[in-house]
Amino acid sequence: MFPFRKSPAFILSAIILTAVILVLALNKSGETVEAPVTAKIDESPASEKPDPGTEPAKQSAEVNSPSVQTDIPSLADTFKEEFFIGAALEPGQTSGLSAELMKKQVNMVVAENAMKPASIQPIEGQFQWEQADRIVAFAKANGMAVRFHTLVWHNQVPDWFFLDADGKPMVDETDAKKREANKKLLLGRLDAHIRAIVGRYKEDIQYWDVVNEVIEPADPDGMRNSNWYKITGTDYIETAFRAARDAGGPGIKLYINDYGTDDPRKRDRLYALVKEMLDKGVPIDGVGHQTHISIYSPAILNIIDSMKKFKELGLDNQITELDMSLYNWNDRTDFGDQVPEEILRKQAERYKELFEALKSNKGLVSAVVFWGIADDHTWLSTFPVERTEAPLLFDKKLQAKPAFWAIADPSKLD
Ligand code: GLA
């Protein structure tokens with residue numbers, strides 16, 4: 001294997017050289033590892049701060065092990081009389097620092113992907129429960145509520161749902177009789193999917209997104225022209241809610257979830273659909289407002305007004321996927337490593353405005369769920385383009401940002 005034989009002297013000098021290089025490298029990394037960024041709004045007056053020179057042991061512990069802040073308020077406690085505070089997570093985040101941060105800050109979780117149709121039933125009849133189970137177990141062990149997301153969606157749904165008995169796409173069928181048979185087959189599959197899942201988790205999960213993103217004002221009749229809609233009209237929505245109620249009983253709460261519900265056009269189409277369904281006795285308990293917003297729009301008042309409208313219909317509201325992009329929707333630029341302070345400040349002011357509006361409208365929402373826990377893990381770092389994003393309350397090192405203080409204790413922002 002080795003083409004050359006080395007003399008003992010050669011081997012000894014190689015060992016010594018390697019050791020010298022290692023020592024130098026270790027020294028260097030000791031100098032450059034950064035301490036975790038502490039809260040941007042520092043509470044302690046300068047005179048009370050320890051002199052780093054007098055506390056060498058503490059300093060080096062901080063330098064070497066990033067940790068979750070334990071000496072800051074808990075959002076879950078702060079809002080416990082008003083609404084749940086939640087976060088989306090992946091199964092891998094049920095341990096480690098993200099898990100510690102969630103244990104401190106939230107009392108509700110939702111699976112970012114693990115409970116979507118493609119994750120749970122990728123092949124007909126073959127349910128994959130492990131990842132979803134991990135999230136449920138984490139929530140139970142820590143006394144957290146769970147939102148299920150989502151029984152029905154047009155994305156992250158496997159193709160097999162929409163193939164006819166011969167394996168051909170149902171949407172291509174032109175024969176009226178066969179179209180009717182396909183519709184029956186699809187609704188039967190949907191019913192079975194929902195009963196299996198709700199049956200398994202009904203004791204552990206109280207809040208359920210039954211359908212996600214079914215409204216699209218630009219599509220015919222304002223309904224998203226998905227495979228679901230093309231094959232069944234709005235029957236899939238009705239089937240889904242009825243199956244969920246039937247399998248889960250009256251104790252679980254069923255939601256219709258969507259983004260952009262602050263936009264009057266979308267809101268009104270959603271309102272009309274929900275009203276039509278309720279009039280038919282379809283069991284809808286609430287509206288999930290995703291609330292993926294930016295530091296520029298929409299107006300907080302529009303978000304609140306939309307929720308008030310659904311409340312008047314007797315429904316609950318939950319904010320289900322809250323995050324706040326640093327960029328305007330049409331902007332594809334990138335702050336890179338240097339997000340300007342004034343941008344983080346603007347984000348904090350907007351979060352403050354939203355939470356103040358929620359507090360002054362007591363009972364308007366029963367939960368506020370963030371789409372992630374910290375900026376180290378957010379879908380917005382790759383969507384709509386890959387770039388620096390910081391839409392959440394904790395930074396990439398899991399330390400509280402101005403936006404956290406804006407919510408937890410706004411007096412710390414001044
Ligand atoms: C939508 C879905 C979520 C998630 C986000 C982006 O809002 O409801 O499940 O996929 O898009 O990640």
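Just so you know, ligand 1 is whichever comes first in the structure, and atom 1 is the first atom listed for that ligand.
The shell of residues lying under 4.0 angstrom from ligand 1, judged by heavy atoms, excludes Phe383.
Ligand 1 has a nitrogen or oxygen under 3.5 angstrom from a nitrogen or oxygen of Lys116. Here's the thing with Gln290: one of its N/O atoms is less than 3.5 angstrom from an N/O atom of ligand 1. In terms of N/O distances under 3.5 Å, ligand 1 is not approached by Asn257. At least one N or O atom of His149, backbone or side chain, sits closer than 3.5 Å to an N or O atom of ligand 1.
Pairs engaging residues 102-145 under the ring-ring contact (aromatic ring centres under 6.0 Å, His included) rule: Phe127-Trp129, Trp129-Tyr201 [sequence neighbours left out].
For Asn212, every heavy-atom contact with ligand 1 shorter than 4.0 Å involves the side chain, none the backbone. Residue contacts with ligand 1, taken as heavy atom pairs separated by less than 4.0 Å, involve Trp153 solely via side-chain atoms from C-beta onward.
Residues Arg189 and Glu124 are paired through a salt bridge, judged by an N-O separation under 4.0 Å between the basic side chain and the carboxylate.
Listed by number with element, the atoms of ligand 1 under 4.0 angstrom from any heavy atom of His292 are 7 (O). Close approach of ligand 1 to Glu213 (heavy-atom distance below 4.0 Å) involves ligand atoms 1 (C), 7 (O), 8 (O). Atom numbering of ligand 1 starts at 1 in the shown order; those under 4.0 Å from a heavy atom of Trp379 are 6 (C), 12 (O). Ligand-side atoms of ligand 1 in range of Glu321: 1 (C), 2 (C), 3 (C), 5 (C), 7 (O), 8 (O), range being under 4.0 angstrom from any heavy atom.
Applying the salt bridge (charged side-chain N to carboxylate O under 4.0 Å, His left out) test to Lys275 and every residue at least two apart in sequence or in another chain returns Asp279.
Because its NZ or CZ atom is not both nearer than 6.0 Å to the ring centre of Phe84 and within 45° of the ring axis, Arg147 does not count as a cation-pi partner of that residue.
Within the model, atoms CD1 of Ile237 and NZ of Lys280 stand 9.0 Å from one another, a figure rounded to the nearest 0.5 Å.
Leu187 pairs with exactly one of Asn182, Thr239, Ile231 by the side chain to side chain contact (heavy atoms under 4.5 Å, CB included) rule, that one being Thr239.
For an aromatic pair to be called close, the ring centres must be under 6.0 Å apart, and Phe335 with Tyr327 satisfies this.
Aromatic ring pairs are classed by plane angle as parallel below 30°, tilted from 30° to 60° and perpendicular above 60°; the pair Trp329 and Phe383 is tilted.
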